[in-house]
Amino acid sequence: MFDSKIIEVDGVFVGAAIITGIATSLRFYAAHDSVRSLHNAILPDLAALREHVTRTFRRRGQHDRATPG
């Protein structure tokens with residue numbers, strides 16, 4: 001079984017970091033549309049993954065608020 005860590009940004013569950021078969025990397029499982037483009041992205045550590053997901057979530061969230069409808 002793989003180990004995983006929940007990824008939340010500003011109190012919103014956006015996905016999970018899953019430890020891959022290679023112990024030195026994490027795969028991102030996207031659960032929120034704003035970070036769907038990062039689904040299955042592999043990053044070297046949890047801090048890098050959280051930072052990348054957070055930037056994408058916030059950038060996408062600003063875009064969504066600026067777009068009517």
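Quick note: numbers below take in every heavy atom, side chains included, and nothing from hydrogens, waters or symmetry partners.
- Here R27 contributes atom CZ and L38 contributes atom CG; the two are 13.0 Å apart, rounded to the nearest 0.5 Å.
- Residue F13 is found in a hydrophobic cluster whose other members, listed by chain and number, are I6; membership requires side-chain heavy atoms under 4.5 Å apart, directly or through intermediates.
- Using a 4.5 Å heavy-atom cutoff, the side chains of I7 and F28 are in contact.
- With contacts defined as side-chain heavy-atom distances shorter than 4.5 Å, the pair L26/I18 does not qualify.
- Rounded to the nearest 0.5 Å, atoms CZ (R50) and CZ (R55) are 14.5 Å apart.
- Pairing each heavy atom of L46 with each of A17, the nearest pair is CD1-CB, 3.8 Å.
- Side-chain heavy atoms closer than 4.5 Å link hydrophobic residues (I, L, V, M, F, W, Y) into clusters, and following such links, even through other members, never connects I42 to Y29.
- A salt bridge between D10 and R58 is present, with a side-chain N of the basic residue lying under 4.0 Å from a carboxylate O of the acidic one.
- A 4.5 Å side-chain heavy-atom check between E8 and V14 finds every atom pair outside the cut-off.
- Under the 3.5 Å distance criterion, with hydrogens and angles disregarded, no donor-acceptor pair is assigned to the side chains of H39 and R36.
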